[in-house]
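Below you'll find the structure, written out as structure tokens, and then a few comments.
Quick caveat, the model's predicted, so the values are computed rather than measured.
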Amino acid sequence: MATPLSRPVVRTELPTLPQPKRGKVRDVYDLGDRLLIVATDRLSAYDYILSPGIPDKGKILHQMSVFWFERLGGIVRHHLLSGALPRELDPYHSLLEGRSALVRKARVVPFECVARGYLAGSGHREYLASGTVCGLPLPAGLKRASRLPEPIFTPATKAEEGHDLNVTFERMADKLGGDLAGRLRDLTLALYGAAAEHAASVGLILADTKFEFGLDDQGEILWIDEALTPDSSRYWDAATWEPGKEPASFDKQFVRNWLDASGWDHQSPPPTLPEDVVAGTRERYLEAFRRVVGREPVL
């Protein structure tokens, strides 16, 4: 008999701290000279927060982010500070343990920095319509999930609400300046290349991923937010990957597929996820963690 799943943590309340800024997934508390970021078990898809949450999701993805920040920290500085929580947070230890981080503050760059090595998602839809992705021309004849001739950088605007919109590199450069935009592009592709190489060594394809960056007080680039999680990346099973077919994935695509098949109109409140979809999503996150990190997460 299957073990019942724990109750998901979908919202945190830390009464001794200022009210947090709540994103789709994370609750962010301002501690003055730094931030406390708490990864909840909320799950979003198609710009809606779904119900119920996925038990332990926040812990799984937070600990995967820590793995990647530490592994790839030689490429670019990241925002993580010490994993030890300050004494004033002791009353919340059981809630925060394994799902929270103290981080440096940064001025957030208002673009998602996306690297794509394969044709999927919005890139595939644009390619079918115009033969391009974010204005970059691609060879004719590519299929869904085809490997690209080389990884490409495809930025997107960051949206507080609604879906991020793909833009050209030129638009990003106009907004940020060519030097900063070029540095972010190069860092994005370097991080993607290193991560894709590790993923391949454990039988996974890192099809694409998005990064967020910020600038510290000296104007230096910091890698912020999350790092190469199944919420910000597409991980496919390399053993069964075949261009033109739906890849076996270890990310939110499982939930998106269920929502698409449910008859939901994508405009009204989304349907409640059934138990088997919740359990299946959790197991996919766990399997991605096991393969990438090489151990079980601390739950």
Side-chain angles (χ1 to χ4, degrees), residues 1-10 25-26 37-45 50 52-73 75 78 80 83 94 96-101 115 117-118 120 145 191-211 223 225-242 245-258 273 275-299:
M1 184 176 179
T3 302
L5 299 181
S6 60
R7 181 185 295 274
V9 175
V10 297
V25 173
R26 282 168 288 280
I37 297 181
V38 185
T40 74
D41 297 334
R42 296 193 293 268
L43 177 68
S44 69
L50 307 177
I54 307 299
D56 300 315
K57 169 182 177 284
K59 291 185 176 182
I60 297 166
L61 270 58
H62 166 68
Q63 293 171 43
M64 183 181 282
S65 283
V66 171
F67 168 84
W68 282 118
F69 279 132
E70 293 177 346
R71 183 179 182 90
L72 303 180
I75 296 175
H78 56 69
L80 281 185
S94 60
L96 300 178
E97 184 68 18
R99 65 167 73 246
S100 65
Y118 293 76
L191 289 168
Y192 172 77
E197 183 177 354
H198 174 70
S201 75
V202 295
L204 292 175
I205 291 172
L206 178 60
D208 56 43
T209 191
K210 69 176 182 179
F211 300 105
W223 180 13
D225 197 54
E226 61 185 323
L228 293 151
T229 72
D231 268 11
S232 63
S233 316
R234 284 186 175 88
Y235 285 102
W236 297 338
D237 189 347
T240 59
W241 166 74
E242 183 179 343
K245 294 187 177 181
E246 171 81 15
S249 65
F250 299 95
D251 50 54
K252 291 195 294 186
Q253 194 59 46
F254 176 69
V255 173
R256 294 189 192 101
N257 291 346
W258 182 84
L273 302 177
E275 289 184 8
D276 62 318
V277 173
V278 171
T281 302
R282 181 179 184 272
E283 184 54 39
R284 282 163 173 79
Y285 284 136
L286 278 170
E287 182 60 20
F289 185 97
R290 294 177 185 125
R291 290 210 197 182
V292 167
V293 183
R295 62 170 175 82
E296 293 289 327
V298 179
L299 302 180

Taking the side chain as everything from C-beta on, heavy atoms only, tell me whether [X] gets closer than 4.5 Å to [Y].
X	Y	result
I205	Y235	no
L273	L43	yes
D41	R99	yes
K57	V25	yes
Y118	R234	no
S44	K252	yes
K59	V298	no
T281	W258	no

For the residue pair [X] and [Y], what are the closest heavy atoms and their distance?
X	Y	answer
A45	R256	CB-CG, 4.5 Å
F254	V277	CE2-O, 3.6 Å
Y192	A207	OH-O, 3.5 Å
G203	D237	O-OD1, 3.7 Å
V278	G53	CG1-O, 4.0 Å
P230	M64	CD-SD, 3.6 Å

Would you check if the side chain of [X] reaches a backbone N or O of [Y] as a donor-acceptor pair within less than 3.5 Å?
X	Y	value
H78	G73	no
R282	P55	yes
S65	A227	yes

Approximate separation, where rounding is to 0.5 Å, of [X] [atom1] and [Y] [atom2]:
X	Y	atom1	atom2	value
T240	E246	OG1	CD	10.5 Å
D208	S233	CG	OG	7.5 Å
I54	T40	CD1	OG1	11.0 Å
W241	S249	CH2	OG	15.5 Å
W223	I75	CH2	CD1	7.5 Å
Y285	D251	OH	CG	7.5 Å

* Asked: Is the gap between the ring centers of W68 and H198 under 6.0 Å?
  -> yes
Do [Y] and [X] meet the salt-bridge criterion of a basic N to acidic O distance under 4.0 Å?
X	Y	answer
E283	R290	yes
R284	E287	no
D225	K210	no

* Asked: Can you name the one residue among T229, L61, I60 that meets side-chain contact (heavy atoms from CB on, under 4.5 Å) with F289?
  -> I60
